[in-house]
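Here is the structure we will look at, set down as structure tokens.
Order of the sequence lines fixes the chain letters, A, B, ..., with proteins taken first and strands second; residue numbering starts at 1 for each chain.
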Amino acid sequence: MKESRKVTRRQIIRSAAGALLLGAVPGISANPISIPGPGGRKKILVTIFQRFGMDGLLAVAPYGNSSLAALRPNLMLSPPGSGRADSRLDLGEGFGLHPSLADLLPFYQEGRLAIVHGVGSPDSTRAHGRAQMWWETGAPGNATYRDGWMYRLSRSLDRGNALLPAVSMTEKRPRIFYGHDPITAQADLQLLGFAAGQADGNLAAMEALYKEHRGGRLSNAVSASLELSRILGAQPTTAVTYPEGSSLAASLRDIARLIKADVGLQLAFAESRTSPDGKGTWDTHSNAASMDGPFPRMAEDLARSLAAFMADLGHRRDDVTVVTLTDFGRNVVENARLGADHGRATAMFVLGSDVKGGRIYGDLPDEFSREMLEDGLDLPVSTDYRAVLSAQVQSQFGIADASGCFPGWQGGALPLFRA
Amino acid sequence: MLRSPEFWRRAAEPRLKTPWRFVVSALRTLDAEVDSAEVDGADDTGAAGKAAVNAMASSAGTSQSGAGLITEWLGRMGQPLYGYLDEGGYSDSGEYWLEPASLMGRFVFARTLAGGELNGITLPAVTTSTTDNQMWLMSPEFQYH
């Protein structure tokens, strides 16, 4: 031990043995990507954060429930088959999907989309910032955790020789990916494709400088970046049409591009904040049921973007799970402005070929009353969001103990995936 | 602490620049003058320059001043000004940014800056060639303190 202390990192790097070791580091070899055969491909998790709190009961509701209608008479929409613009789409067993989520219906019918209802955080905060923090750190109620659960998950996955194991399609690194080590956060991939358009000797000269440099992590990172840049730059643009002007669609298009480029992506994060016209929000304090209001804009943007994403993925869709996250649900009891304020439990969408979909997980009450609501207003949380996310961590990523991602979590996992 | 070998070994290790330090040192190296005033209707990109670089700079160039452009580039390199969510602020280790987007951000910034293509940033007439300046800013040595 004492002997080894005298050897500095620089000495190792200078030595011939060090040079050989560095040569073996992934990313520096000429062709670092091995194309894995079918079955050997890695699973990919894409999370979409619906900022500011989706009304789970507006998205998916027991449409004929008169006790629910008594508490939110203006937020029920029309029942399926009524022929109106706001007619819900029948999911069976008395549940109806918001019509603006129509593009998700085929996935539900094919059994690839699961809905988890009555889901949320055990912490009862109704403040956006706090609530989002709990969903992103994975440690609800415990502010000592500042790093994100997707970051912790990225540390426990075998990244192999991935050029880009994780990405956040955001301008800033989001809390969900906070942590000590580098994570790529970028609102669009244009910058990453930069090297491909550079046919001059300038870039080649620079690359040679870094190859000579042997500066360990820096050289490796630069080599990997240029390799990634060339691969992305050489990729054909997708033939699939995504919703125009949608930042969520743009994010998903870039994620699909990374997946199809086989650069080792396993974790991706995107946001649903507003609609292409800027008038949409999930924060539906008012005018929530209007088909020209803020909710249908967001729902349509989400559903159409996801449908395009799944089509774009082609056969690679079999590797991908998409999970939605949101601050909280909204009050069951509607407010005086035809909306609903910050509440508790909401709904999550889980979409993927391995998902046992076509059904609604979680518990909703048969009879809604002020007495059974949390604080007389809200849908109680009957399923912890960590049970949903743990299902992905355990069944798809093969990590038996999800408490590495969700500290202290011993609540198991919902059986959402096919074995 | 001063007598511990670990202390001196850490001190002797070359440290990578953060994006902030990289940008400031690049501006100082070139003796660049940064205009912080708003410029009406200014196009962020110069006429010259490589197509990819131009596309990059113009697509994301919403700022009207050199200072605004610099803050945009810091964001692209993963260190948006005052953008860290916790009190402690950004890591002072450059290794926190050793990922493709931040590194490519450095290189594209170096090329556009030394190429004189960033509006609102004026470079003095110098004897070194544009290519030499670009290569120096993109070199491994320049990435360290």
Side-chain angles (χ1 to χ4, degrees), chain A residues 5-6 8-10 129 133 136 146 163-164 166-168 171-175 178-203 205-207 209-215 217-222 224-229 232-233 263, chain B residues 5-6 8-10 12-14 16-17 50-57 59-60 72-73 75-80 82-88 90-91 93-111 115 130-131 134-144:
Chain A
R5 274 189 179 185
K6 287 178 184 163
T8 68
R9 196 177 64 129
R10 288 175 115 177
M133 176 139 165
E136 294 188 64
R146 315 300 277 190
L163 293 174
L164 194 67
V167 71
S168 174
E171 282 174 14
K172 291 179 193 169
R173 187 162 165 177
R175 175 71 73 187
Y178 258 41
H180 181 265
D181 287 333
I183 291 280
T184 296
Q186 199 71 14
D188 75 70
L189 291 185
Q190 206 178 353
L191 191 64
L192 285 177
F194 150 76
Q198 309 298 304
D200 58 279
N202 210 337
L203 201 72
M206 184 195 88
E207 198 170 7
L209 278 182
Y210 277 88
K211 284 223 166 94
E212 278 167 32
H213 172 60
R214 301 213 180 280
R217 291 187 65 186
L218 176 64
S219 289
N220 290 342
V222 169
S225 302
L226 291 170
E227 180 76 29
L228 175 68
S229 187
L232 291 178
V263 292
Chain B
E6 288 83 359
W8 290 105
R9 195 169 61 220
R10 284 280 299 162
E13 269 179 25
L16 276 168
K17 291 172 182 171
K50 311 289 182 291
V53 174
N54 268 344
M56 192 63 227
S59 74
E72 280 181 24
W73 274 103
R76 242 167 263 152
M77 292 179 212
Q79 196 180 11
Y82 313 115
Y84 198 76
L85 294 173
D86 292 328
E87 312 76 39
Y90 289 107
S91 167
S93 155
E95 304 218 338
Y96 181 81
W97 287 274
L98 271 188
E99 50 81 26
S102 191
L103 289 170
M104 297 313 281
R106 286 186 192 214
F107 299 149
V108 181
F109 177 78
R111 289 171 66 107
T130 297
T131 305
Q134 289 173 329
M135 289 304 290
W136 169 235
L137 298 187
M138 291 195 288
S139 69
E141 289 72 24
F142 193 77
Q143 311 312 315
Y144 292 99

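In this structure, the portion of A:Ile183 lying under 4.5 Å from any heavy atom of chain B is its backbone and not its side chain. Contact annotation for B:Ser139: both backbone and side-chain heavy atoms come within less than 4.5 Å of a heavy atom of chain A. Heavy atoms of B:Leu16 lying under 4.5 Å from chain A belong exclusively to its side chain. The parts of B:Pro140 that come within reach of chain A are both its backbone and its side chain, each placing non-hydrogen atoms under 4.5 angstrom from that chain.
Counting heavy atoms from C-beta on, the side chains of A:Leu226 and B:Leu103 never come closer than 4.5 Å. Contact check for B:Asp86 versus A:Arg175: side-chain heavy atoms found under the 4.5 Å cut-off.
A pairwise comparison of heavy atoms in B:Pro100 and A:Ser225 identifies CA-OG, 3.2 Å as the closest pair.
Interface remark: of the candidates B:Glu99, B:Met138, B:Arg106, B:Glu99 forms the most heavy-atom pairs closer than 4.5 Å to chain A. Interface remark: of the candidates A:Arg146, A:Lys172, A:Glu171, A:Arg146 forms the most heavy-atom pairs closer than 4.5 Å to chain B. Comparing A:Leu164, A:Val167, A:Val222 by how many heavy-atom pairs each has under 4.5 Å with chain B, the most go to A:Val222.
Using modelled atom types, one side-chain atom of A:Tyr178 and one backbone atom of B:Leu85 make a donor-acceptor pair closer than 3.5 Å.
Listed by chain and number, the residues in a ring-ring contact (aromatic ring centres under 6.0 Å, His included) with B:Tyr96 amount to none (sequence neighbours excluded). Applying the salt bridge (Lys or Arg N to Asp or Glu O under 4.0 Å) test to B:Glu141 and every residue at least two apart in sequence or in another chain returns nothing.
B:Ser102 OG to A:Arg173 CZ: the interatomic distance, rounded to the nearest 0.5 Å, is 10.5 Å. Put simply, CZ on B:Phe109 and CG on A:Leu191 are 12.5 Å apart, with the number rounded to the nearest 0.5 Å. Here the CD-CE distance, from A:Gln190 to B:Met104, works out to 12.5 Å after rounding to the nearest 0.5 Å.
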